[in-house]
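One structure is given below, encoded as structure tokens.
Numbers for residues simply follow the sequence, beginning at 1. These figures come from a predicted structure and were not determined experimentally. Counting starts at 1 for both ligands and their atoms, following the listed order.
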Amino acid sequence: MRGPRLAGASAIVTGGGSGIGAALSRALVAAGAHVVVADIDLAAARRVVEEVTTTRSGPGAGSAGAGSAEPVHLDVTDAAAVSALVEEVVATRGKLDLMFANAGITWGGDTERLTLEQWDAIIDVNIRGVVHCVHAAYPHMIDRGAGAIVLTASMGGLCPAGLITSYVMTKHAVVGLGLSLRAEAAGHGVGVTVVCPAAVDTAILDKGELDGFDGRYFYLDGQGVRRPLDPDVLAASVLDGIARNRALVIEPARARATWRLQRLAPGVMDRMIARYVRVSRARGSGNADARRTADR
Ligand SMILES: NC(=O)c1ccc[n+]([C@@H]2O[C@H](COP(=O)([O-])OP(=O)(O)OC[C@H]3O[C@@H](n4cnc5c(N)ncnc54)[C@H](O)[C@@H]3O)[C@@H](O)[C@H]2O)c1
């Protein structure tokens with residue numbers, strides 16, 4: 001089974017106002033799709049639409065360049081709003097070919113510091129938000145016998161990691177949902193692809209800190225890389241993965257090697273992860289000030 005043709009496709013990208021969602025929107029428009037850039041931050045969605053409809057270059061850009069985009073305010077935790085958006089897109093465009101459930105948040109730091117409100121917030125956005133997208137879009141795709149659902153999980157959905165436990169929990173849920181739904185969806189002609197990147201160069205690396213947790217340093221140092229992945233490079237790989245109806249898009253190659261190690265030697269990974277938590281705590285639980293002092 002091949003994924004939907006991108007030229008002329010109708011797509012919704014949640015969390016499209018920044019980072020990976022913006023890069024996906026850019027690549028889709030460049031390939032000739034119509035993209036609804038949906039974000040809780042409407043101003044950010046507007047900026048992305050302005051940018052992707054005037055600039056069509058970079059690794060994610062195809063030769064078509066004939067796509068279009070529109071900004072929409074959407075809070076993925078609001079199930080009725082997600083359903084209403086899908087209905088509107090189906091009514092106005094006649095179909096929904098691609099649903100990107102991409103919006104996400106994170107918390108970084110020792111688990112005992114998380115409040116119940118923070119646990120609820122990450123479950124609401126990262127799990128319920130994705131469920132709302134599937135619940136709203138999947139029946140339309142079944143009716144047409146076509147389409148693809150693309151869930152942005154993370155390497156944290158495939159491998160455990162200390163100090164980002166709530167995030168890892170939600171991303172494991174997304175991987176479980178996507179890979180299971182995929183088995184059912186194939187019989188309806190609908191594709192499901194789960195995106196599992198390691199660190200990507202977006203704003204999320206600097207968000208969600210508890211007590212000075214330095215996410216950018218934590219992720220890059222933990223993954224043994226100097227630079228996070230370019231979101232446009234990831235977006236190009238995701239579109240290729242959708243075309244081939246791949247179950248998983250794992251980027252970069254180093255992340256695929258880490259996943260292999262996790263499956264072949266979980267005990268080794270368990271010890272490596274515990275050691276990294278100890279190292280991070282020793283420099284101040286990944287604390288930015290302590291780290292900067294230590295680096296001097
Ligand atoms: N950047 C990385 O290193 C990385 C790695 C693996 C997975 N991811 C995942 O990629 C996805 C996109 O993250 P990003 O890196 O582009 O981060 P980002 O912070 O740059 O973008 C996230 C976007 O989601 C939006 N958003 C947050 N809550 C929302 C809500 N309730 N409803 C609608 N929109 C909402 C934000 O306004 C923002 O525009 C997330 O699911 C994230 O977990 C990121």
Query raised in the report: Quick one: does Leu74 get a heavy atom under 4.0 Å from ligand 1?
Result: yes
Query raised in the report: Of the non-hydrogen atoms in Ala198 and Gln223, which two are nearest, and what is the gap between them?
Result: CB-OE1, 3.2 Å
Query - From CZ (Arg128) to OG1 (Thr77), nearest 0.5 Å - result: 9.5 Å
Report summary line: atom 26 (N) of ligand 1 sits nearest the protein heavy atom Ile40 CG2, 3.9 Å
Report summary line: heavy-atom search around atom 27 (C) of ligand 1 in the protein gives Ile105 CG2, 4.0 Å
Query raised in the report: In Å and rounded to the nearest 0.5 Å, what is the CG to CG distance from Asp230 to Asp201?
Result: 7.5 Å
Report summary line: for atom 14 (P) of ligand 1, nearest protein heavy atom and its distance come out as Thr202 OG1, 3.4 Å
Query raised in the report: Can you tell which part of Asn102 has a heavy atom less than 4.0 Å from ligand 1: side chain, backbone, both or neither?
Result: both
Query raised in the report: Is the shortest heavy-atom distance from the side chain of Thr193 to the side chain of Val238 under 4.5 Å?
Result: no
Report task. Determine, using heavy atoms of Gly156 and all atoms of ligand 1, whether some pair is separated by less than 4.0 Å. Result -> no
**Report entry** Numbered atoms and elements of ligand 1 in range of Ala203, under 4.0 angstrom, heavy atoms
**Finding:** 20 (O)
Requested in this report: Answer side chain, backbone, both or neither: which part of Pro231 comes under 4.0 Å from ligand 1, heavy atoms only.
Outcome: neither
Report task. Specify the protein heavy atom at minimum distance from atom 16 (O) of ligand 1: its residue, its atom name, and the distance to 0.1 Å. Result -> Ile20 N, 2.8 Å
Report summary line: In short, Arg144 meets Leu96 closest at the heavy-atom pair NH1-O, 3.6 Å
Requested in this report: Mind telling me whether Phe218 and Tyr276 have parallel, tilted or perpendicular rings, with 30° and 60° as the class edges?
Outcome: tilted
Query - Heavy atoms of other groups near Met272 CE, more than 12 under 6.0 Å - result: no
**Report entry** Numbering as shown, the atoms of ligand 1 that approach Gly15 to under 4.0 Å (heavy-atom distance)
**Finding:** 23 (C), 24 (O), 25 (C)
Query raised in the report: Are any of the side-chain nitrogens in Asp97 or Arg5 under 4.0 Å away from the carboxylate oxygens of its partner?
Result: no
Query raised in the report: Which one holds for Tyr219 and ligand 1: side chain close, backbone close, both close, or neither close, with close meaning a heavy atom under 4.0 Å?
Result: neither
Query raised in the report: If you measure from each heavy atom of Pro197 to ligand 1, is any distance below 4.0 Å?
Result: yes
Query raised in the report: At a 4.0 Å threshold, what atoms of ligand 1 neighbour a non-hydrogen atom of Gly19?
Result: 16 (O), 20 (O)
Query raised in the report: Is Ala153 touching ligand 1 with its side chain, its backbone, both, or neither, if touching means heavy atoms under 4.0 Å apart?
Result: backbone
Query - Test side chain to side chain donor-acceptor pair (under 3.5 Å) applied to His34 and Ser10, step by step - result: CA-CA 5 Å; His34 176 78; Ser10 156; over 6 Å; no
Query raised in the report: What atoms of ligand 1 come closer than 4.0 angstrom to any heavy atom of Ala198?
Result: 3 (O), 5 (C)
Query raised in the report: Asp75 heavy atoms, cut-off 4.0 Å: which ligand 1 atoms fall inside?
Result: 30 (C), 31 (N), 32 (N)
Query - For atom 19 (O) of ligand 1, the protein heavy atom that lies nearest, with its residue and separation - result: Lys207 NZ, 2.6 Å
Report summary line: The closest protein heavy-atom partner of atom 18 (P) of ligand 1 is Ser18 OG, 3.6 Å
**Report entry** Contact partition for Met155 relative to ligand 1, non-hydrogen atoms under 4.0 Å
**Finding:** neither
Query raised in the report: Does a sphere of radius 6.0 Å around CZ in Arg226 hold more than 12 heavy atoms from other residues, nucleotides or ligands, not counting ones at 6.0 Å or beyond?
Result: no
Report task. Answer yes or no: does an N/O atom from Tyr167 fall short of 3.5 Å to an N/O atom of ligand 1? Result -> yes
Query raised in the report: What atoms of ligand 1 come closer than 4.0 angstrom to any heavy atom of Leu205?
Result: 3 (O)
Query raised in the report: Of the options Thr111, Thr170, Asp110, which is the one that meets Thr165 in a side-chain hydrogen bond (donor to acceptor under 3.5 Å, both in side chains)?
Result: Thr111
Query - Check ion pair Asp221-Arg283 (N to O, under 4.0 angstrom) - result: yes
Query raised in the report: Once the angle between the rings of Tyr219 and Phe213 is folded into 0 to 90°, is it parallel (under 30°), tilted (30 to 60°) or perpendicular (over 60°)?
Result: perpendicular
Query - Nearest non-hydrogen protein atom, atom 36 (C) of ligand 1 - result: Asp39 OD1, 3.5 Å
Query raised in the report: Any idea which heavy atoms bring Ile20 and Pro197 closest together, and the distance?
Result: CD1-CG, 4.4 Å
**Report entry** Sub-4.0 Å heavy-atom approach of Ala199 to ligand 1
**Finding:** yes
Requested in this report: Report the nearest protein non-hydrogen atom to atom 2 (C) of ligand 1: residue, atom name, distance rounded to 0.1 Å.
Outcome: Val200 N, 3.4 Å
